[in-house]
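The structure appears below as C-alpha cells.
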Amino acid sequence: MQQAWNGRGNEIARAEERDCPAFCGMVGRSRAMRRFFALLRRVAELEIPVLLVGETGTGKELAARAIHRLSPRTGGPFLPINCAAVAREIFESELFGHERGAFTSAYTRKEGAFEAASEGTLFLDEIGELPLAMQAKLLRAIELKEIRRVGSNQVFESNARLVAATNRDLAAEVEAGRFRADLFYRLAIMPVHLPPLRRRIEDLELLVRFFLQGRKPAPTVAPEAIETLREYAWPGNVRELKNVVERSVIFSGGGRIEREHVCRALMHGGLSPASAAGGEGKLLERMERRLIAAELARNHGNKKETAESLGIAKSTLFEKLKRYGIGYVVPPRSRLEEEREGCEA
Ligand SMILES: Nc1ncnc2c1ncn2[C@@H]1O[C@H](COP(=O)(O)OP(=O)(O)OP(=O)(O)O)[C@@H](O)[C@H]1O
Ligand SMILES: [Mg+2]
C-alpha cells in the first residue's frame with residue numbers, strides 16, 4: 001500500500017521535473033541539485049528523522065515541505081515550528097501541549113505540536129537554537145515516541161515524523177556543549193545538505209527566470225547582467241538572489257534588466273548594518289566594500305585567500321575590513337559536509 005503510494009509521489013515529482021524546472025517549488029538543474037532532489041525523494045519515503053543542513057536562504061524550508069509532500073504522510077498536517085522564535089518559557093507547552101490549570105495562564109487544555117502533527121510532519125526549524133533543557137525532552141519524545149502534556153501524568157503516543165533544519169554547524173555546537181550529542185546523533189541519522197548558491201552557480205540563470213515568471217510585461221535580462229550576478233558570492237543564497245531580482249525589476253522600470261540595474265540592486269541589499277542602511281559613501285567605496293564582502297564569503301571567511309584573490313596585501317585587507325566594518329561571517333561548513341565532499345571527490 002505504502003509502496004504504491006510512494007510510486008505515485010515520485011511520478012508526480014518526475015512529471016514536474018520534465019514539464020517545468022521546479023521540483024516541489026525548488027528550481028535547479030545543477031549536478032548538486034539533481035543529487036539533492038534524488039536524495040530528497042528517497043528520504044521522503046522513509047519514516048526516519050531528517051536533518052536539513054544549509055546556510056541561510058538555501059531552501060531548507062522548501063525542502064522540508066517537499067519531504068512532506070513526497071512522503072506517504074502528504075494527506076496529514078505539515079506543522080512548522082521555529083525554535084528560534086518560541087519563548088523559552090512556553091517551549092514545552094508548544095511542543096507537548098498542556099492541561100488546563102498547568103500554569104497560571106493555562107485556562108484551557110492545549111494540544112502541542114507533536115499531537116497536532118500526528119500522522120503528519122513536524123518541522124523543527126532552527127533546531128540549533130533549542131535550549132538544552134528542551135533538547136532532553138525532545139530526545140525523550142523521539143526515542144520513546146512518548147509525549148506528556150505539561151501538568152499531566154499521562155503519556156500518549158505521537159507518530160509525527162520529524163524534519164529538523166539548521167544553518168549552524170551542529171557538530172561544533174556539540175563540541176562546545178551547546179547541543180546534546182545524543183540528540184544530534186538521533187536527528188542526524190540522515191543529514192541532507194543544501195548546497196550554497198555559489199556552488200551551483202549554473203542554476204542562477206534558471207532561478208532568475210523563475211523569479212521573473214508571471215510578470216507582465218515579462219522582463220528580459222541582459223547577458224552582462226547575468227554575468228554580474230554569477231560573479232557575486234551570494235552569502236544570503238537564493239533568498240538574497242530573489243530580493244536582488246525584485247530590486248533589479250524596480251530599478252529597470254519594467255524594461256530590460258541591464259548590468260547597471262543589477263549593480264544597484266546588489267549594493268542596496270546586504271547583510272551588514274552599513275549596507276542595509278542604504279548605500280552611504282562614494283560609489284567606488286561601496287563597490288569596493290561589496291567586492292571584498294563577496295570575496296570573503298566566496299573564500300569561506302579565509303582572509304589569506306581573500307587577500308590573494310583580490311591581489312592585495314593581507315594587512316591592506318585587514319585595514320579595509322575594519323574601515324568598511326565588514327563583519328559578516330560565513331557560517332562554518334559543517335564537518336559532515338566536508339566529509340561528504342571528501343567522499344564525492
Ligand atoms: N531552489 C529554489 N528554487 C526556488 N526558490 C527557492 C529555492 N531555494 C530557495 N528558494 C526561495 O528562497 C527563499 C528562502 O528559502 P527558505 O526559506 O526555504 O530558506 P532557508 O534555508 O529556510 O533559510 P533560513 O535558514 O534563513 O531560514 C524562499 O523565498 C524560497 O522560496
Ligand atoms: Mg528557514
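For ligands, and for the atoms within them, numbers begin at 1 and follow the listed sequence. These values consider heavy atoms only, across backbone and side chains, with no hydrogens, waters or symmetry-generated copies.
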Practice task
Measure from the ring center of His261 to the ring center of Phe251 and say whether it is less than 6.0 Å.
Solution key: no
I'd like a table of donor-acceptor pairs (distance under 3.5 Å, sequence neighbours excluded) in which one partner is a side-chain atom from residues 217-229, with atom names and distances.
residue, atom, partner, partner atom, Å
Glu227, OE2, Arg259, NH2, 3.4
Thr228, OG1, Glu224, O, 3.0
Thr228, OG1, Arg259, NE, 2.7

Problem - Nearest-contact summary for atom 22 (O) of ligand 1 - protein heavy atom, Å - result: Glu61 N, 3.3 Å
Completion exercise
among protein heavy atoms, the one nearest atom 11 (C) of ligand 1 is Val238 CG1, 4.0 Å
Problem - ligand 1 contact on Phe211 by region, counting heavy-atom pairs under 4.0 Å - result: side chain
Practice task
Answer yes or no: does atom CD of Glu157 have more than 12 heavy-atom neighbours from other residues, nucleotides or ligands under 6.0 Å?
Solution key: no
Handout entry: Leu187 vs Leu162 side-chain heavy atoms within contact, under 4.5 Å
Key = yes
Problem - Donor-acceptor pair, side chain of His98 and main chain of Thr108, under 3.5 angstrom - result: yes
Problem - atom 30 (C) of ligand 1: nearest protein contact (heavy atom, Å) - result: Leu62 CD1, 3.8 Å
Exercise for the section: Given side-chain hydrogen bond (donor to acceptor under 3.5 Å, both in side chains), test Thr56 with Asn167 step by step and report yes or no. Expected result: CA-CA 6 Å; Thr56 181; Asn167 53 23; 4.7 Å; no
Handout entry: Residue portion contacting ligand 1 (non-hydrogen atoms closer than 4.0 Å) for Asn237
Key = neither
Completion exercise
Of Gly25, Ala63, Pro195, Gly59, the one whose closest heavy atom lies nearest atom 15 (O) of ligand 1 is Gly59
Exercise for the section: Among all protein heavy atoms, pick the one closest to atom 26 (O) of ligand 1 and tell me residue, atom and distance. Expected result: Thr56 OG1, 2.6 Å
Fill in the blank from the handout: Residues joined to Val150 in its hydrophobic cluster, side chain to side chain under 4.5 Å directly or through other members, sorted by chain and number, are Phe103
Problem - From the candidates Lys242, Glu126, Met33, Lys60, the one that places a heavy atom nearest atom 20 (P) of ligand 1 - result: Lys60
Exercise for the section: Using a strict cut-off of 4.0 Å, indicate which atoms of ligand 1 neighbour a heavy atom of Leu207. Expected result: 2 (C), 3 (N), 4 (C)
Exercise for the section: Provide the number and element of each atom of ligand 1 under 4.0 Å from a heavy atom of Met26. Expected result: 1 (N), 2 (C), 3 (N)
Practice task
Select the closest option to atom 2 (C) of ligand 1 among Thr58, Asp203, Asp125, Val27, judged by heavy-atom distance.
Solution key: Val27
Exercise for the section: Might you confirm whether atom CZ of Arg256 has over 12 heavy atoms from other residues, nucleotides or ligands at distances under 6.0 Å? Expected result: yes
Handout entry: Shortest protein contact, atom 17 (O) of ligand 1 (heavy atom only)
Key = Arg239 NH2, 3.3 Å
Problem - Qualifying residue for salt bridge (Lys or Arg N to Asp or Glu O under 4.0 Å) with Arg149, from Glu94, Glu92, Glu115 - result: Glu115
Exercise for the section: Give a yes/no on ligand 1: does Gly57 have at least one heavy atom closer than 4.0 angstrom to it? Expected result: yes
Exercise for the section: Give the atoms of ligand 1, by number and element, whose distance to some non-hydrogen atom of Phe210 is under 4.0 Å. Expected result: 4 (C)
Fill in the blank from the handout: Quick note on ligand 1: atoms under 4.0 Å from a heavy atom of Asn167 include exactly 25 (O)
Exercise for the section: List the steps, then state whether side-chain contact (heavy atoms from CB on, under 4.5 Å) holds for Thr58 with Arg239. Expected result: CA-CA 7 Å; Thr58 45; Arg239 179 183 295 111; over 6 Å; no
